[in-house]
Amino acid sequence: MNDMRIAERAVDVNETKISARKVQVYYGDTHAIKDVDVDIEDRTVTAFIGPSGCGKSTFLRCLNRMNDTIDSARVEGTILLDGEDIYDRKVDPVQLRAKVGMVFQKPNPFPKSIYDNVAYGPKIHGLAKNKAELDEIVEKALRRGAIWDEVKDRLQAPGTGLSGGQQQRLCIARAVATEPEVLLMDEPCSALDPIATAQVEELIDELRQDYSVVIVTHSMQQAARVSQKTAFFHLGHLVEYDETGKIFTNPEDPRTESYITGRIG
Amino acid sequence: MTDLTQDMGEGASGPARPANSIFAQDARTKRRNAAERRFRMYGVIALGIGLVFLVALLFAIVRNGTPAFTQTFIHLPVELSEAKLDKNGNRDIEQIKKVSTFGYKPLIEDAVARALEENGIASPFEDAGDLTDLISSAAAAQIRDLVIANPDMIGETVEFRVLAASRVDGYFKGRVTRESLARDKNLDAEHLDVADALKDAGVIEREFNWDFILGADASESRPEQAGIGVAMLGSFFMMLVVLLLSLPIGVAASIYLEEFAPQNKFTDLIEVNISNLAAVPSIVFGILGLAVFIQFANLPQSAPLVGGLVLTLMTLPTIIISTRASLKAVPPSIRDAALGVGASKMQSVFHHVLPLAMPGILTGTIIGLAQALGETAPLLLIGMVGYIASNYPDGIASGFLDPNSAMPAQIYEWAKRADPAYYERAWGGIIILLVFLMTMNIIAIILRRRFERRW
Ligand SMILES: Nc1ncnc2c1ncn2[C@@H]1O[C@H](COP(=O)(O)OP(=O)(O)OP(=O)(O)O)[C@@H](O)[C@H]1O
Ligand SMILES: [Mg+2]
């Protein structure tokens, strides 16, 4: 396995962080994800695009096993994180989720203070030895979430009292506070105004220095702006996966082209 | 407004009035509005009927129950004659104890006679003993208890506040009339004359009776002495058992079912059965308790522990259902958020879900407890009804294990007794019970308000 990665590195600048093969997801009898093969690279922003209901969120949730929480969901195939099968029986999904963080479509801060929202992850993972360290982590995370200036004076105010866009940035801060290796973002900007969106996009670009970021988006412009790789999903299939530039300028599949030009979706 | 519409109509630039103007209601709208008005009226009528019943109920309870809180007392200076209580004069406690309550009768007789004399009331009776019928037979025991506790008082004249006989009390409360006494062997109309005179003289007074709230039950012939206090303790120990068992068990079961258990036929079956259990008549739990706790496990009869266990069975479904409902009401996004930052299932439940569900859980628990507090039927079968709760338990353990009654059982018991004085006490007991229930409900509301948070 290691050998393979070394070989790959020779070809590619970035090594593969997540590699999915023949992934199928069923919700009861519905076959939501069909035969998806994809290699997500480290230190890269990968965008998932596709019409509503095509399975972007479903596939994203496979990557940190959030689908485990849905009783009817069943995942088949293999997904490797750094060459290790995340659906292996030995894997504790909790440990996995500390490595693969997630930001949800709808902002979902805990009904606690802003500080506690961010501090919760580091606390349960024992990332801080004392209060001062924790304070530092919280500040750093809030800065990376591009929300520090807005909340630095009211860290003890409830996180639920923030505006929708602020809440989403708080959720991003919360996700980066645990220092994940991969960050999954499900339409993180759907509740944000253009300014906050720009801030989040800047943040995503920054996060790329250390992490692998996967972002689901309905905005072609956003995908084009922030991502290096783009995957186009349609009816549960991964139709096309390539360099973002190529997908948007010269897609191979006619379905991709019609989606991008606005004819399906 | 009208000007504006006119302007619009007349102005050259304004559009002409449309054929179907929104200012005129069409037939359909009229019908719909009429239906709505009718429906509102039905609602108001229904509410009114409910309110009338509620007010009538409250009125009846207050009217019938408040007299139980006051009692007619007689203030008597009693001479604790040494000749009668301690013949040897050596204050030997064993000797003093040998004098039974019967031996105190003459003292009371003397005291009453003297009270009449001092106030210039002529006794209509030849036998002075007849006068003691005015006084509760509990008085002798009351005086004896004091003497045994303080033997030094022998020889002195001590001012006592003794209970008037229940018929006398009833007379002043309007329960007993001269006509009704014609058929009564206990008291004659002459007694009432004396009582009236004593009242005028200030010897007889109607005062607030703490013993009704705090005291013990009495035998059938002494309603004036009966109190609900011991039964209250019985209820308290039962509620303690119910709380300590049903809250942890109920919450643990609900959390497991709601958050951890897989959704399958088996858990569906459990769910249906819990709902069914909530609808099982409480007397069924009573007979189950009798069979399991008393006959099989050999726990003591009439004990608050057993009562508590039976009521726990009864309360559990209520708590489980309300806890599950409040867990369900916590938005799943909170769970996702916790899992998303790498919390375990248990951490997500205990750190995030449970605190949010807490107000609902507490409210459900308190309402379950309130239900259990008022429950009588199951207690019937484990012997807590009919037991005369005349002694305070002498410790925590005996509080749980010694036979006792419970408030609703005590009320039922009183209502069952022949003497109308007990009927009055039953109403009084209901007031106390309702005060407890209301307090619990208010606590539930306060807790809900206090813990309620937005998410
Ligand atoms: N919990 C679920 N139970 C059953 N079916 C589900 C569940 N979640 C999603 N699905 C189905 O799986 C398919 C893919 O859904 P998914 O949420 O992944 O779409 P999506 O691409 O994220 O759409 P959107 O862009 O609207 O968020 C849909 O057909 C949806 O109905
Ligand atoms: Mg989605």
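First the proteins, then the strands, lettered A, B, ... as listed; each starts at 1.
Counting heavy-atom pairs under 4.5 Å between each of A337(B), A343(B), A338(B), S344(B) and chain A puts A337(B) at the top. Ranking M102(A), K106(A), M66(A) against chain B, the residue ahead of the rest is M66(A), based on heavy-atom pairs under 4.5 Å. For the set K345(B), Q347(B), R335(B), the count of heavy-atom pairs under 4.5 angstrom toward chain A peaks at Q347(B).
If you look at H351(B) and F110(A), their ring centroids are not closer than 6.0 Å.
The closest side-chain donor-acceptor pair between Y26(A) and S72(A), if any, does not fall under 3.5 angstrom.
Salt bridge present: R143(A) and E139(A) bring a charged side-chain N and a carboxylate O closer than 4.0 Å.
Distance OG1/T318(B) to CD1/I367(B): 9.5 Å, rounded to 0.5 Å.
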